[in-house]
Amino acid sequence: MSSPTPDALLGPADVRELAAALGVRPTKQRGQNFVIDANTVRRIVRTAEVRPDDVVVEVGPGLGSLTLALLEAADRVTAVEIDDVLAGALPATVAARMPERADRFALVHSDAMHVTGLPGPAPTALVANLPYNVAVPVLLHMLDTFPSIERTLVMVQAEVADRLAAGPGSKVYGVPSVKANWYAEVKRAGSIGRNVFWPAPNVDSGLVSLVRRTEPLKTTASRAEVFAVVDAAFAQRRKTLRAALAGWAGSAAAAEAALVGAGVSPQARGEALTVEEFARIAEHKQ
């Protein structure tokens, strides 16, 4: 593998020049904040433990800051970009700054929430600076759609990072925590300051690592059935599970029967339960 030129990655001036040439202003509507610091994207790639044989999928590549760093380290990179202008420009940026790796890059011009297939070999890793407003649904969709993804590292709003990585009993443990844990072992993997972005966001960012479970959760309930319990439990998180799950089960008595059958106290609340316990409740629905 030939090594890329030392200045292949984008710095602050490069990002602003590219944006100006394209007439691009980052939009709040799409939660766009472009990374302008080469050391940060290298740190993300290191933290993601990207290997030379990895096929990486990146969501929301923007102007290509992280894309170029991923191409330095991985076998190939496929980027999914919804923005017409950014999607149109990225292949040219890759070809200009990393010509020796350009044939290992592919672009999918689409909304990540609608992607059901990717060109080339199946992805082994997902590494992305996810737009703040759609981070959780995009992450869960990608994990569900591409079971070949073994390792994920996403940069998200710090508050979202805390939620994803929270365990039972935590004040921020909720739907994202449980659903992410259905697929993977989840942990916080670092913090990112505001000054490495343009424009600088009003919030800090966090890195979240997700390593897919080597064996799927042992349950006879489907993912959809388990997630229905999770959604119901947290829709009224202050209520006991007996009350919160009454609508899901058909009645409070039916909810209590499912809970007792699963070995869960009807007086417990959703924030105290593991994903395994939610799966057991789903199995006991009459």
Side-chain angles (χ1 to χ4, degrees), residues 59 112-116 122-123 126 130 134-152 154 156 159-188 208-286:
V59 174
M113 287 298 293
H114 299 150
V115 169
T116 55
L126 166 64
L130 289 177
V134 294
V136 171
V138 165
L139 172 63
L140 295 175
H141 171 74
M142 295 299 286
L143 289 173
D144 191 54
T145 307
F146 301 102
S148 60
I149 294 173
E150 300 160 8
R151 285 162 293 116
T152 295
V154 291
V156 293
E159 184 187 333
V160 175
D162 291 340
R163 274 197 222 129
L164 282 167
S170 160
K171 282 182 181 170
V172 294
Y173 182 72
V175 172
S177 331
V178 184
K179 290 185 178 179
N181 201 231
W182 167 269
Y183 299 103
E185 298 296 327
V186 190
K187 66 175 186 181
R188 259 307 212 121
V208 182
S209 159
L210 301 97
V211 178
R212 191 179 289 271
R213 293 171 177 271
T214 46
E215 304 244 326
L217 213 63
K218 287 186 170 61
T219 176
T220 55
S222 69
R223 177 190 61 83
E225 288 167 341
V226 177
F227 282 14
V229 183
V230 175
D231 289 334
F234 287 102
Q236 305 175 76
R237 63 185 296 152
R238 292 189 178 180
K239 291 190 173 181
T240 64
L241 286 170
R242 184 184 191 276
L245 297 181
W248 162 81
S251 69
E256 179 162 349
L259 289 158
V260 171
V264 175
S265 167
Q267 300 310 307
R269 287 177 169 77
E271 62 212 40
L273 269 57
T274 64
V275 65
E276 289 84 0
E277 287 171 312
F278 280 112
R280 287 210 306 277
I281 296 167
E283 289 174 359
H284 284 83
K285 183 181 184 184
Q286 294 301 310

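- One distance of note links CG of L126 with CG of L210; it measures 8.5 Å at 0.5 Å rounding.
- With S177 contributing its side chain and G174 its backbone, the two residues share a donor-acceptor pair below 3.5 Å.
- A donor-acceptor pair under 3.5 Å links the side-chain atoms of Y173 to the main chain of L273, judged by distance alone.
- Closest approach of D162 to V172, counting heavy atoms only: O-CG2, 3.9 Å.
- Minimum interatomic distance between V186 and L164 (heavy atoms only, all atoms of both residues): CG1-O, 3.5 Å.
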Under the criterion side-chain contact (heavy atoms from CB on, under 4.5 Å), I'd like the reasoning laid out for V136 against V156: C-alpha separation, chi angles, the key distance, then a yes or no.
CA-CA 9 Å; V136 171; V156 293; over 6 Å; no

Let me see the working for V211 and E150 under side-chain contact (heavy atoms from CB on, under 4.5 Å), right down to the final yes or no.
CA-CA 6 Å; V211 178; E150 300 160 8; over 6 Å; no

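- Under the 3.5 Å distance criterion, the side-chain polar atoms of S170 are left unmatched by any main-chain donor or acceptor of A166.
- Annotation: the span from L245 atom CG to E256 atom CD amounts to 11.5 Å, rounded to 0.5 Å.
- Using a 4.5 Å heavy-atom threshold, the side chains of L140 and Y183 count as touching.
- Here the straight-line distance linking atom CG of L143 with atom NZ of K179 works out to 13.0 Å at 0.5 Å rounding.
- A pairwise comparison of heavy atoms in R223 and D144 identifies NE-OD1, 3.2 Å as the closest pair.
- Formation of a donor-acceptor pair under 3.5 Å by the R212 side chain with backbone atoms of P147 is found in this model.
- Looking only at distances, a side-chain donor or acceptor of E283 sits under 3.5 Å from a matching main-chain atom of T220.
- H284 places no side-chain N or O within 3.5 Å of a backbone atom of A279 that could act as its donor or acceptor partner.
- In this structure, the separation between OG1 on T145 and CE on M113 is 8.5 Å, given to the nearest 0.5 Å.
- Aromatic ring pairs are classed by plane angle as parallel below 30°, tilted from 30° to 60° and perpendicular above 60°; the pair F278 and F234 is tilted.
- Side-chain atoms of R269 come within 3.5 Å of backbone N or O of R238 as a donor-acceptor pair.
- Taking each heavy atom of G270 and A233 in turn, the nearest pair found is CA-CB, 4.3 Å.
- Using a 4.5 Å heavy-atom threshold, the side chains of K187 and V208 count as separate.
- Considering only heavy atoms from C-beta on, P266 comes within 4.5 Å of V260 through its side chain.
- Closest heavy-atom contact between H141 and V115: NE2-O, 2.8 Å.
- When every heavy atom of A112 is checked against every heavy atom of V59, the shortest pair comes out as CB-CG1, 3.7 Å.
- Proximity of a side-chain donor or acceptor of R280 to a complementary backbone N or O of G261 within less than 3.5 Å is not detected.
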Candidate pair R213 and N181, rule side-chain contact (heavy atoms from CB on, under 4.5 Å), full reasoning:
CA-CA 9 Å; R213 293 171 177 271; N181 201 231; 3.4 Å; yes

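- Interatomic distance, E225 CD to I281 CD1, rounded to the nearest 0.5 Å: 13.5 Å.
- In this structure a side-chain-to-backbone donor-acceptor pair under 3.5 Å is present from S148 to P123.
- Listed for the R188 side chain is no donor-acceptor partner under 3.5 Å among the backbone atoms of S209.
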